[in-house]
Amino acid sequence: MATKRPSTTTPDERGEGDELHQGVKRGERMTTATGTPLGDGQNSLKVGDRGPTLLEDFALRDKIFHFDHERIPERVVHARGYSAHATLECLDAIPDLTRAAPFQAKGKKTEAFVRFSTVAGNLGSPDLARDVRGFAVKMYTEEGNWDLVGNNIPVFFIQDAMKFPDLVHAVKEEQDRGWPQAASAHDTFWDFVSLMPESTHMLLWAMSDRAIPRSFRFMEGFGVHTYRFVNADGDATFVKFHWKPRQGMQSVVWNEALKINGADPDFHRRDLYAAIESGDLPQWDLGVQVFDDAFADEFDFDVLDATKLIPEEVLPVRIIARLTLDRVVDNMFAENEQVAFGTHNVIPGIDFSNDPLLQGRNFSYLDTQLKRLGSTNFTQLPVNAPRCPVMHFQRDGHMQTDPQLGRGNYEPNSLTGDDRGPRADVVQGYQSVMREEQGPTRRLRAESFADHYSQARQFFLSQTEVEQGHIVDAFSFELAKVEDPKIRTRMLGNLRNVHEDLAQGVADKLAMPLPEAAEAAVPTRTDLPESPALSILLNGPDSFAGRKLGVLVTNGSDKAVVRALASAFEDAGAVVEYVAPAIGPVKLKGGGTITPDHAIDGGPSVLFDAVALLPSADGATGLAGRASAQDFVSDAYAHHKFVGTGADAGALLAAAGVEPDDGFLDLASADDAAVFLTHCASLRHWDRDVRA
């Protein structure tokens, strides 16, 4: 018979099966969910040593019960997300435009919570899918929670919420086969959008570099819809919201995105977490485009059409606040997964327009949260709970944790004191904008929504030549995955209405004849001016701050050069990480060692914004025979990155088959670090022709 194990354990005591039983420290006793202290968290209750488990084992039942139910339904869209706590600071008080609490006084700070996400993929999909990125901000104001639920693209695929289920069904994995995951490169998506010309403008954005951002930190955000500002006098104006990254915009190239997904499918999550934890706090300026009915009437397109934007050159963006991400989440499930956003969550000073897509979203979100979170009381979860007093006559329901006191649970009532309960505030409470609406009730699409190609053309022409090439490549890649040739033909016909060069470029890459242009309800306008604000490359950063340099080192690397390089880049606000043949310490020429952050097999150059090759002569020779080291160099070259080369890197360059160009900078001595840093501020050497 086995000896009975003592009831008190020590950190290093093991049971009869060699399982580790760690003792209690600082009173941290493990309990069941109801608080009963556990004497053993490793073993279920059995009959004898090897007998059956007893039904009376409440501790086992408690643990398994919670495990079995710890997953909730993931979001249908925006499932793959990552969040952070934030603070919104008012930079320009605008009480003349809105009574919204965050903008009443310069310097006023409002607690916020931000969630970034992809749209199409499931919770386990990779970060670098070609996709729209959600950009949702919850602001906890003293007059309730305001959710600005937007994207990193200012327009959308559809004009009416009636089509949203169709769009999502089309872009998700095909139901008869279950793939592809987190990808639009398949028949059902392109079949749908080729039959929906209103999608064309959004398609140009989705096939641009906007859909493969380098980091959440380096992308813009947009409210998408037209909303209303309302001031204390009840005067209303239209408004569109913009989030502009103070770190500058930056994307990756497609081949790089594919390889990042293979090397680190959590790349965006890891990047955001590391930046906040290191103190490099991401920031966005909140800007607004404010306009009245007269502007709306005179503008070239309908401001209620979510497939259209107002160019910044036509209506400048006014910066009114700054958002700073200042704390990572404490628990991914409790915050990132349970946070519940909704376009309908507004506060006094914010109101809606008649945008039919926005109106449908307002209707949809509550159903979504009820399905996912299981109760109408999801607003009591800490991440969703308002930071201001909440008083109402809504009662009970699953998981009610804030039972209201007093006798009255209805109004009007004639009770007094605490029994009376709250009342609506007809003076300071939320008031919807008074407006005249008239016309017959009909299911129709306004004629003012019918121009589907003009702004798509404007977007294409506003891109640099490099970005236009990426758009052509993206359309070609996606349509090449489409099995039905008539879908490709139909899409090319639509693209002819955008720009002949775009359509011809895609047709050439698909080896297809160019079909006739699709019939357009409204002829494409060719007089719209280019909008430089729509280009990423024309709005990039002016320094390498916030970016990452990967330094390849081996035993014998020159200590002076390595240290000078690290010092120059870190002083400029960049992150420096070391890659070596193995993860063990590297001995430097001149004394000292470096502990690398990555072994070469797990630290490809796609993880970095620029790289430096500083091996010793022997180290370069050793690396030259390794495929991962060759790829490190050739990928950096193919992805247009700047490359710093030490005096002994020649053997590695030769093995990678790379002929250095102006994007390769010598790092023969410590004095060269500053020159290399200056070049890296441009992020990419786009003059390199890697498609030849």
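Just so it is clear, the structure is predicted and the values come from calculations on it, not from any experiment. The figures that follow rest on heavy atoms only: side chains count, while hydrogens, waters and symmetry mates do not.
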Test item: Arg387 side-chain N/O and Thr141 main-chain N/O as donor-acceptor pair under 3.5 Å: no

Do Asp271 and Lys548 sit within salt-bridge range, that is, some charged N less than 4.0 Å from a carboxylate O? no

Passes salt bridge (Lys or Arg N to Asp or Glu O under 4.0 Å), Glu74 versus Arg80? Steps please. CA-CA 9 Å; Glu74 67 176 38; Arg80 175 73 172 182; over 6 Å; no

Is the number of heavy atoms from other residues, nucleotides or ligands under 6.0 Å of Glu28 CD greater than 12? yes

Tell me, with the steps shown, if Gln400 and Gln380 meet side chain to side chain donor-acceptor pair (under 3.5 Å). CA-CA 8 Å; Gln400 172 62 258; Gln380 296 177 25; 2.8 Å; yes

Please report whether the ring centroid of Phe116 lies less than 6.0 Å from that of Trp284. yes

Testing the basics here: between Cys388 and Gly144, what is the closest heavy-atom pair and its distance to 0.1 Å? SG-N, 3.4 Å

Side chain of Arg115, backbone of His78: donor and acceptor closer than 3.5 Å? yes

Please check: side-chain N/O of Asn377 versus main-chain N/O of Asp396, any donor-acceptor pairing under 3.5 Å? yes

Give a yes or no on whether a salt bridge exists between Arg99 and Glu143, defined as a side-chain N under 4.0 angstrom from a carboxylate O. yes

Return the CG to CG distance between Leu91 and Asp285, rounded to the nearest 0.5 Å. 6.5 Å

Indicate the atoms forming the closest heavy-atom contact of Phe192 with Asp166, along with that distance. CE1-CB, 3.7 Å

Is any side-chain heavy atom of Met249 less than 4.5 Å from a side-chain heavy atom of Glu220? yes

Could you tell me whether the side chain of Asn413 reaches within less than 4.5 Å of the side chain of Arg407, counting heavy atoms only? no

Between Ser375 and His398, is the side chain to side chain donor-acceptor pair (under 3.5 Å) condition met? List the steps. CA-CA 5 Å; Ser375 169; His398 286 293; over 6 Å; no

To the nearest 0.5 angstrom, please state how far the CD1 atom of Ile153 sits from the NE2 atom of His201. 9.5 Å

Between Lys138 and Val383 the two heavy atoms that sit nearest each other are CD-O, 3.8 Å

Go through it in stages, so that I can follow the logic: the residues are Arg133 and Arg210, the test is side chain to side chain contact (heavy atoms under 4.5 Å, CB included), and I'd like the CA-CA distance, side-chain angles, deciding distance and then a yes or no. CA-CA 9 Å; Arg133 297 303 187 281; Arg210 297 274 185 159; over 6 Å; no

For the pair Glu335 and Ser83, evaluate side chain to side chain donor-acceptor pair (under 3.5 Å) and give the outcome as yes or no after the intermediate values. CA-CA 8 Å; Glu335 296 170 291; Ser83 302; over 6 Å; no

Is any side-chain heavy atom of Thr368 less than 4.5 Å from a side-chain heavy atom of Arg75? no

Evaluation steps, side chain to side chain contact (heavy atoms under 4.5 Å, CB included), between Arg318 and Val290: CA-CA 8 Å; Arg318 176 181 177 180; Val290 180; over 6 Å; no

What distance separates Ile158 CD1 from Met196 CE, expressed to the nearest 0.5 Å? 7.0 Å

Rounded to the nearest 0.5 Å, how far apart are CG of Asp131 and CD1 of Ile212? 11.5 Å

For the side-chain contact (heavy atoms from CB on, under 4.5 Å) test, which of Pro541, Ser215, Pro282 pairs with Gln247? Pro282

CZ (Phe449) and OG1 (Thr307) are apart, to the nearest 0.5 Å, by 8.0 Å

What residues form a ring pair (Phe, Tyr, Trp, His ring centres under 6.0 Å) with His392, not counting sequence neighbours? none

So how far is it from Arg327 CZ to Glu111 CD, rounded to the nearest 0.5 Å? 7.5 Å

Determine the sole option in Phe241, Phe341, Tyr430 for which the ring-ring contact (aromatic ring centres under 6.0 Å, His included) test with Trp146 is passed. Phe241

Got a donor-acceptor contact below 3.5 angstrom from the Asp266 side chain to the Arg269 backbone? no

Are Phe135 and Met219 packed together at the side-chain level, in the sense that at least one heavy-atom pair is separated by less than 4.5 angstrom? yes

So, the side chain of Asp351 versus the backbone of Val433: is there a donor-acceptor pair under 3.5 Å, distance only? yes

For the pair Gln338 (side chain) and Leu381 (backbone), establish whether a donor and an acceptor sit closer than 3.5 Å, ignoring hydrogens and angles. no

Taking side-chain hydrogen bond (donor to acceptor under 3.5 Å, both in side chains) as the definition, give me every residue that meets it alongside Ser208, ordered by chain and number, with sequence neighbours left out. none

Would you check, one step at a time, whether the test side chain to side chain contact (heavy atoms under 4.5 Å, CB included) holds for Leu309 with Gln455? CA-CA 8 Å; Leu309 55 80; Gln455 282 205 345; 3.6 Å; yes

Going through the checks in order, is the salt bridge (Lys or Arg N to Asp or Glu O under 4.0 Å) test met by Asp302 and Lys308? CA-CA 8 Å; Asp302 197 321; Lys308 306 298 190 296; over 6 Å; no

Work out which heavy atom in Asp209 is nearest to a heavy atom in Val252; give both atom names and the distance. OD1-O, 4.3 Å

Determine, step by step, whether Phe103 and Leu97 satisfy the side chain to side chain contact (heavy atoms under 4.5 Å, CB included) criterion, reporting the C-alpha distance in whole Å, the side-chain angles of both residues, the deciding distance to 0.1 Å, and the verdict. CA-CA 9 Å; Phe103 311 126; Leu97 294 174; over 6 Å; no

Quick one: closest heavy-atom pair of Ala340 and Leu373, and the distance? CB-CD1, 4.0 Å

Which pair of heavy atoms, one from Thr98 and one from Gly349, lies closest together, and at what distance? OG1-O, 2.8 Å

When you look at CE of Met30, are more than 12 heavy atoms from neighbouring residues, nucleotides or ligands closer to it than 6.0 Å? no

Is it the case that Lys240 places NZ or CZ above or below the six-membered ring of Phe222, under 6.0 angstrom from the centre and within 45 degrees of the axis? no

Using the benzene-type ring in the case of Trp, are the ring centres of Phe216 and Tyr273 under 6.0 Å apart? no

Could you tell me whether the side chain of Gln404 and the main chain of Gln394 form a donor-acceptor pair under 3.5 Å? yes

Before we go on, tell me: are the rings of Phe393 and Tyr410 under 6.0 Å apart, centre to centre? no

Main-chain N/O of Asn336 paired to Tyr82 side chain as donor or acceptor, under 3.5 Å: no

Do side-chain atoms of Asn384 reach the backbone of Phe378 as a donor and acceptor pair under 3.5 angstrom? yes

Walk me through whether Asp127 and Arg270 qualify under salt bridge (Lys or Arg N to Asp or Glu O under 4.0 Å). CA-CA 10 Å; Asp127 280 352; Arg270 194 184 312 274; over 6 Å; no

For the residue pair His344 and Tyr365, does the interplanar ring angle fall in the parallel (under 30°), tilted (30 to 60°) or perpendicular (over 60°) class? tilted

Any donor-acceptor pair under 3.5 Å from Arg217 side chain to Gly546 backbone: yes

Kindly assign one of parallel, tilted or perpendicular to the pair Tyr227 and His225, based on the angle between their ring planes and the thresholds 30° and 60°. perpendicular

Aromatic Phe352 / basic Arg361 pairing, under 6.0 angstrom, 45° off normal: no

